[in-house]
Protein chains: 2
Amino acid sequence: MEKRPITLKDIAKALDLSTSTVSRAMRGHPAISEETRKLVQQYAEEHKYKPNTLALSLRTNKNNTIGVIVPEIVHFFFSSVLAGIQDEAESENYHLLMCNSNEMYEREVKSVQTLLDARVCGILASMSKNTLEYRHFQNIIDDDVHLVFFDRICPGINTDKVVADDYRGAFAAVDYLAETGCSRIAFLGADTHLPISNNRRMGYEDALRKHTLPVEKKWIKVCDTTDLAQQVIPEMLQEENRPDAFFCINDEVAAYCLQIVKAAGFRVPEDISISGFTNAYITEVTDPTLTSVDQHGYEMGREAARLLINRIEGVETKKGVVSRLIKTDLVIRQSTR
Amino acid sequence: MEKRPITLKDIAKALDLSTSTVSRAMRGHPAISEETRKLVQQYAEEHKYKPNTLALSLRTNKNNTIGVIVPEIVHFFFSSVLAGIQDEAESENYHLLMCNSNEMYEREVKSVQTLLDARVCGILASMSKNTLEYRHFQNIIDDDVHLVFFDRICPGINTDKVVADDYRGAFAAVDYLAETGCSRIAFLGADTHLPISNNRRMGYEDALRKHTLPVEKKWIKVCDTTDLAQQVIPEMLQEENRPDAFFCINDEVAAYCLQIVKAAGFRVPEDISISGFTNAYITEVTDPTLTSVDQHGYEMGREAARLLINRIEGVETKKGVVSRLIKTDLVIRQSTR
DNA sequence: ATTTTTTATGCAAACGTGTGCATAACCTTC
DNA sequence: GAAGGTTATGCACACGTTTGCATAAAAAAT
């Protein structure tokens, strides 16, 4: 009844050879005669021999698996990154162990534990929003497991990272807004401890300065969820000196911003311009369609996976930290003039 | 330099015991004295002993890993399912090995191979659109690996499945369209060999019959991508007897349909009603927002994972095929009257 | 005091591979 | 024909666990 898969030992017994000979024959060791090599390989082929990866892993202490921790799965950007990681890993014959922190610190810690217990060769991680304690990430490094951060890097940990060029993306978008006549440009960002938000804000501010526009505190808000959008944006619209453009940290906020602005009776882009960030699918279905900054998540995923694999296999030998920057591209649609 | 993780053997040596005793002490075997048990467990705790899962897997021939094959990752519905699978697997201490067929038959076959080679305990799969040959799925069963299909089931393979109640979802949507005064309701579906499409079409037809509306061939089209939408919908709008409602197989097509219909000068929902399927994120950002049928992807993922794990652990003992139906819910928004 | 039972521990094999070393057989060379 | 070289194969162990069986020591029963 039980159909046990065929092993090297079985082949050895059947062909009256030792397992070592069979093992060597399979991997084309030079000290094996052409004759027996063919014999063994043919027999293996016929009986559909599959090396037991578990045994192999135990032997070599390498399981060819890399772990991924994302803060969210149902998310255009992160799923794009995941797709890139997946493709790169697959082409290099690595398996993918996926964990989802769900933007919760505790689950992030647990995910790290899970991956270390599974003895992965390396970990790709994007930090949860509310993670302020970094001990668990340090544990990875202390265990001599390679670690590469992508997008949401961890400021307290000194390790390789792949990030989008947030500064230039933000600069390009705000520069465009200013050039098309907007002068009161609001920045809807995330918590200041997140580098992605800070970098974009610097791009935003520098673009304003380039056009000699003032950097006003009241136009810079933490507003990175749709809930916050419902709360923050209406208030801003009611001020005597309301913004004439919104540069949003992500496309969801931008889409909600668009709805709120329209509902308040303003025309987009004639009265108010709006730009998002990510260039997610939804930018094409709003009315008007949304201008956004493409983050190239797929490429970021590929790049991060490649870097990690290079580290694992010793191809990347740089002693210090390797930082890769993924270019960002402004995609102009109808929500800006 | 090399920081080798501590093993049972190390503990044994340090405490001058045999590895077997240490092993038993760790797992609370009754034939071990309270004294040594505490001694061992404390030492293990202090030295942060972690059982080597690879060795364990080899020993028990179970690696506590389940494989998932999805046709697409950057996809609201599939990523929702993935999130559900992930949560359920994690709570049952199973790892997740993820594969992405990218709607390509060849990659699907390769993914199955990958997962079988990795010796997963079971596989969750949703079929690629253009898969017509089922040999690779049969291989899974022949290898005595558990297999559960979700959503896009494979008609030729006799195994457990979890699907949405497509029939009732479609029925509810079309019923609603008819009740709100639509009488020329178009069905934009997928290829007929996909059960999800057929089931929805049956729901569509039955709802029409309930309202004694004719089932017209010319209003039933294969149109499941945005590319096809651009091509099919304008033609339908130009006919003398144009549809006054579109029931679309997914929300992307519905969103594009909405754009096309609006661009052609029709009002939604006054002139033409539109309903999607899935209840993805985009339904809330279009203008008007989109009526859709919620497929509860997350629940489907959880249910599928639970069923698979029950099979693996022998909890689910039913001899034949287990079929689970996930309820669907019509969510009414502004694109219908 | 001897036998039986109980209790706690160790030995050795197993899971499927890979590899250093030994060895046997064959071939070359003088 | 013996020494040395080459070629092909096998032995034994290692990776880290678990587990059936044997066994030593202690306790209980006769």
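Computed over heavy atoms, backbone and side chain alike; hydrogens, waters and symmetry mates excluded. Letters A, B, ... are given to chains in the order of the sequence lines, protein chains preceding strands, and every chain is numbered from 1.
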Task: Terminal helix-axis angle for the helix from C:dA1-D:dT30 to C:dC30-D:dG1, with five pairs defining each axis and rounding to 10 degrees - done: 70°
- [ ] For B:I32 and C:dT6, give me the distance from atom CD1 to atom P, rounded to whole Å.
- [x] 18 Å
TODO: Sequence neighbours left out, what passes side-chain hydrogen bond (donor to acceptor under 3.5 Å, both in side chains) with A:T7? Give chain and number order.
DONE: A:D10
- [ ] Can you tell me the distance, in whole Å, between the CZ atom of B:R37 and the P atom of C:dT7?
- [x] 16 Å
Open item on the list: For A:I73 versus B:S79, what's the shortest heavy-atom pair and its separation?
Closed with: CG2-O, 3.6 Å
Open item on the list: So for atom NZ, which belongs to B:K318, do other residues, nucleotides or ligands contribute more than 12 heavy atoms lying within a distance under 6.0 Å?
Closed with: yes
Task: Sugar-phosphate, base or nothing in reach of A:T36, heavy atoms under 4.0 Å - done: sugar-phosphate
Task: Check: A:Q86/A:Y298 side-chain N/O donor and acceptor closer than 3.5 Å - done: no
Open item on the list: Once salt bridge (Lys or Arg N to Asp or Glu O under 4.0 Å) is applied, what residue pairs with a partner in residues 57-86 of chain A remain, sequence neighbours excluded?
Closed with: none
Open item on the list: Is it the case that the side chains of A:T36 and A:S33 hold a donor-acceptor pair, with the cut-off being a distance below 3.5 Å and no angle test?
Closed with: yes
- [ ] Would you classify A:L58 as touching base, sugar-phosphate or nothing, given that sugar-phosphate means primed atoms plus P, OP1 and OP2, and contacts are heavy atoms under 4.0 Å?
- [x] base
Open item on the list: Between B:V145 and B:I140, is the side chain to side chain contact (heavy atoms under 4.5 Å, CB included) condition met? List the steps.
Closed with: CA-CA 6 Å; B:V145 172; B:I140 300 177; 3.9 Å; yes
Task: Residue-level proximity of residues 11-24 of chain A to DNA chain D when a heavy atom falls under 4.0 Å - done: A:D16, A:L17, A:S18, A:S20, A:T21, A:R24
Task: Sugar-phosphate, base or nothing in reach of B:N61, heavy atoms under 4.0 Å - done: nothing
Task: side chain to side chain contact (heavy atoms under 4.5 Å, CB included) assessment of B:V322 paired with B:R311 - done: CA-CA 10 Å; B:V322 174; B:R311 280 293 194 193; 3.4 Å; yes
Open item on the list: Less than 4.5 Å apart, side chain to side chain, heavy atoms only: is that true for B:I69 and B:V112?
Closed with: yes
TODO: On DNA chain D, reading 5' to 3', which nucleotide is the first and which the last to sit with an atom under 4.0 Å from a heavy atom of chain B, could you check?
DONE: D:dC15 to D:dG20
- [ ] From the options B:K38, B:E45, B:E46, select the one residue that forms a side-chain hydrogen bond (donor to acceptor under 3.5 Å, both in side chains) with B:Q42.
- [x] B:E46
Open item on the list: Does anything in residues 38-50 of chain A come within less than 4.0 Å of DNA chain C? Heavy atoms only, and list the residues if so.
Closed with: A:Y49, A:K50
Open item on the list: So that I can tick it off, tell me whether A:E108 and A:R135 are bridged by a salt bridge, with the cut-off set at under 4.0 angstrom between side-chain N and carboxylate O.
Closed with: no
Task: B:Y43/B:Y49 aromatic ring centres below 6.0 Å - done: no
Open item on the list: Could you tell me how far apart A:K9 (NZ) and C:dA13 (C1') are, to the nearest whole angstrom?
Closed with: 10 Å
TODO: Ignoring hydrogens and angles, state whether a donor on the side chain of B:S20 or B:S23 is under 3.5 Å from an acceptor on the partner side chain.
DONE: no
Open item on the list: Using whole Å, what does the distance between atom C1' of nucleotide C:dG18 and atom NE2 of A:H29 come to?
Closed with: 10 Å
Task: Pair B:E92 + B:R306, salt bridge at N-O below 4.0 Å - done: no
- [ ] Please check the phosphate of C:dT17 (OP1 and OP2 only) for any side-chain N or O of A:R27 closer than 4.0 Å.
- [x] no
Task: Between P of C:dT17 and CZ of A:R59, the distance in whole Å - done: 12 Å
TODO: Starting from the 5' end of DNA chain C, give me the residue, B:R119 or B:E35, whose nearest nucleotide shows up first.
DONE: B:E35
